[in-house]
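This structure is a prediction, so every number in the text was calculated from the model and none was measured. Numbers here simply count residues along the sequence, with the first being 1.
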Amino acid sequence: MAKFAFIYPGQGSQTVGMGVSVAEAFPEASDLFRRASGLAGYDVLALCAEGPQEKLSRTLYTQPALFTVEAAVTGVLKKRGVVPAAAAGHSLGEYGAWYAAGVYSFEDGFALVSERGRLMDSADPDGKGAMAAVIGLDEDVVRTACDEAGGTVVVANLNSPGQLVISGEKPAVERAGLLLKERGAKRVLPLPVSGAFHSPLMEPAREAFASAVAAANVRNAEIPVYSNVTASPVTEAEEIRKLMIFQMTSPVRWIETVRNMAGNGIVNALEIGPGNVLAGLIKRISDAVTVTGAADSVRVEEVLNDEA
């Protein structure tokens, strides 16, 4: 049988209604939402069900809510015998991948993600940071423009060929954007985010997060997880701890990740979480990998029936 992976989207994929049908259809998913609410001190399922979108999209709430949705679907699938050969996630989604690999319990993972969200939410209280998607240019061109723009601006996400994200100080991001438009970018789109994620502006959050990671119960992974930082598979607990910390200020190397998975025989993937962002990216990265969505109870049932 062909090897397949569980893959997890990150912040930006959240939407009102996510996870609700899964919680209604599967008791263990409903129980996971109850456990999440007890840890969070607010009703996580109600937040997912009712929003509002503005609150759900605030980093402080997005990260634990999205992790809960992804963990709930993962638990439903694994309990019924759908077990991946590998896992990967985009930015925050990597925490869903670690959970799928048995690196931590749900409670430990939820605590880590909640602290990560809190620190990232508060890392830029003055709103100095910004991010922008750059469409239609190669990585070298984008990096050169960032270097020439001055100030702090870096390549934060390598999402697919011709789709990158830059991140840093607002003026520097704006200057880099102007240079990139002059050099042929099809579009430079400011992103509605509350900070300059995966950039040096997250350094204070990264340093504080290191304490949370050091205190967490992190185990060896049961399956390889492809790291955002290295784009390579990892299983050792101590290496995982280091990668969790450095991921916050390192670029998301998604193009390399997908190509490395394909090179290691991963030809099918289940996108676990709301939307189909990763499916769209992977279509532009590799025609060797087929992605199936598992975002709601209907799609989860379809996956279970296919694997039966």
Side-chain angles (χ1 to χ4, degrees), residues 8 10-12 36 39-41 58-68 70-71 87-131 152-158 165 167-169 193-222 224-254 256-257:
Y8 298 84
Q11 197 163 337
L39 295 166
R58 184 180 169 189
T59 301
L60 182 68
Y61 296 105
T62 306
Q63 298 202 14
L66 192 56
F67 174 73
T68 301
E70 294 177 351
H90 190 285
S91 192
L92 170 65
E94 191 163 86
Y95 286 80
W98 297 129
Y99 179 69
V103 166
Y104 39 55
S105 67
F106 175 71
E107 283 73 14
D108 286 334
F110 190 90
L112 276 172
V113 167
S114 296
E115 181 66 357
R116 183 180 186 270
R118 185 188 71 80
L119 290 168
M120 292 174 72
D121 185 66
S122 60
D124 185 14
D126 300 324
K128 294 179 180 178
M131 301 179 75
T152 300
V153 56
V154 298
V155 175
N157 296 357
L158 297 105
V165 174
S167 179
E169 297 166 335
V193 295
S194 58
F197 304 146
H198 299 288
S199 86
L201 271 68
M202 288 290 115
E203 184 63 28
R206 184 187 73 81
E207 291 176 357
F209 188 56
S211 299
V213 173
N217 182 15
V218 174
R219 302 183 288 263
N220 291 343
E222 297 166 359
V225 175
Y226 285 74
S227 160
N228 286 181
V229 178
T230 65
S232 299
V234 61
T235 57
E236 295 296 323
E238 286 311 303
E239 183 67 13
I240 290 168
R241 288 182 191 275
K242 294 175 185 176
L243 294 169
M244 285 178 178
I245 296 165
F246 284 102
Q247 191 230 44
M248 199 177 282
T249 52
S250 300
V252 176
R253 296 165 61 180
W254 190 249
E256 293 173 81
T257 294

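Residue pairs meeting the salt bridge (charged side-chain N to carboxylate O under 4.0 Å, His left out) criterion with at least one partner in residues 242-254, sequence neighbours excluded, are Arg253-Glu256. Applying the side-chain hydrogen bond (donor to acceptor under 3.5 Å, both in side chains) definition to pairs two or more places apart or across chains, those involving residues 116-129 are Arg58-Asp121, Gln63-Arg116, Glu115-Arg118, Arg116-Gln247. For residues 88-107, the pairs satisfying salt bridge (charged side-chain N to carboxylate O under 4.0 Å, His left out) are Arg35-Glu107, with sequence neighbours left out.
Distance alone, capped at 3.5 Å, places no donor-acceptor pair between the Glu169 side chain and the Gly129 backbone.
Every residue meeting the side-chain hydrogen bond (donor to acceptor under 3.5 Å, both in side chains) condition with Ser194, not counting sequence neighbours, appears here in chain and number order: Thr59. Checked against side-chain hydrogen bond (donor to acceptor under 3.5 Å, both in side chains), Ser114 has no partners two or more places apart in sequence or in another chain. Tyr226 meets the side-chain hydrogen bond (donor to acceptor under 3.5 Å, both in side chains) test with Asn264; sequence neighbours excluded. The side chain to side chain contact (heavy atoms under 4.5 Å, CB included) search around Ala36 returns Val44, Thr68, Phe106, Phe110, not counting sequence neighbours. Ala208 meets the side chain to side chain contact (heavy atoms under 4.5 Å, CB included) test with Leu119; sequence neighbours excluded. Residues forming a side-chain hydrogen bond (donor to acceptor under 3.5 Å, both in side chains) with Glu238 (at least two apart in sequence, or on another chain): Arg241. Applying the salt bridge (Lys or Arg N to Asp or Glu O under 4.0 Å) criterion to Glu239, with sequence neighbours excluded, gives no partner residue. In this view, Ser199 and Val154, Ser167, Ala196, Leu201 satisfy the side chain to side chain contact (heavy atoms under 4.5 Å, CB included) rule, not counting sequence neighbours.
We find the CE-OG1 distance between Met120 and Thr62 to be 10.5 Å, quoted to the nearest 0.5 Å. In this structure, the separation between OG1 on Thr249 and CZ on Arg206 is 5.0 Å, given to the nearest 0.5 Å. The distance from the CD1 atom of Ile240 to the CD1 atom of Ile245 is 12.0 Å, given to the nearest 0.5 Å.
Side-chain contact between Thr230 and Leu243: present, with at least one pair of heavy atoms (C-beta onward) separated by less than 4.5 Å. Side-chain atoms of Val234 and Trp98, non-hydrogen and from C-beta on, do get closer than 4.5 Å to each other. Within the 4.5 Å cutoff, no side-chain heavy atoms of Val252 are placed close to those of Leu158.
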Expected list for residues 212-221: side-chain donor-acceptor pairs under 3.5 angstrom, two or more places apart:
from: Arg219; atom 1: NE; to: Gly102; atom 2: O; distance (Å): 3.2
from: Arg219; atom 1: NH2; to: Gly102; atom 2: O; distance (Å): 3.3
from: Asn220; atom 1: OD1; to: Ala237; atom 2: N; distance (Å): 2.8

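Across all their heavy atoms, Leu112 and Met244 have their closest contact at CD1-SD, 4.2 Å. Between Ser91 and His198, the closest heavy-atom pair is OG-NE2, 2.6 Å. Ala101 and Val225 make their closest contact through CB-CG2, 3.5 Å (heavy atoms, listed as atom of the first residue, atom of the second, distance). Across all their heavy atoms, Pro64 and Val113 have their closest contact at N-CG1, 3.6 Å. For Thr257 against Ala88, the heavy-atom pair with the smallest separation is CG2-CB, 4.1 Å.
Screening Phe197, Tyr8, Trp254 for a ring-ring contact (aromatic ring centres under 6.0 Å, His included) involving His90 leaves a single residue, Trp254.
The aromatic rings of Tyr95 and Phe209 stand perpendicular to each other, their planes meeting at an angle above 60°, with 30° marking the opposite boundary.
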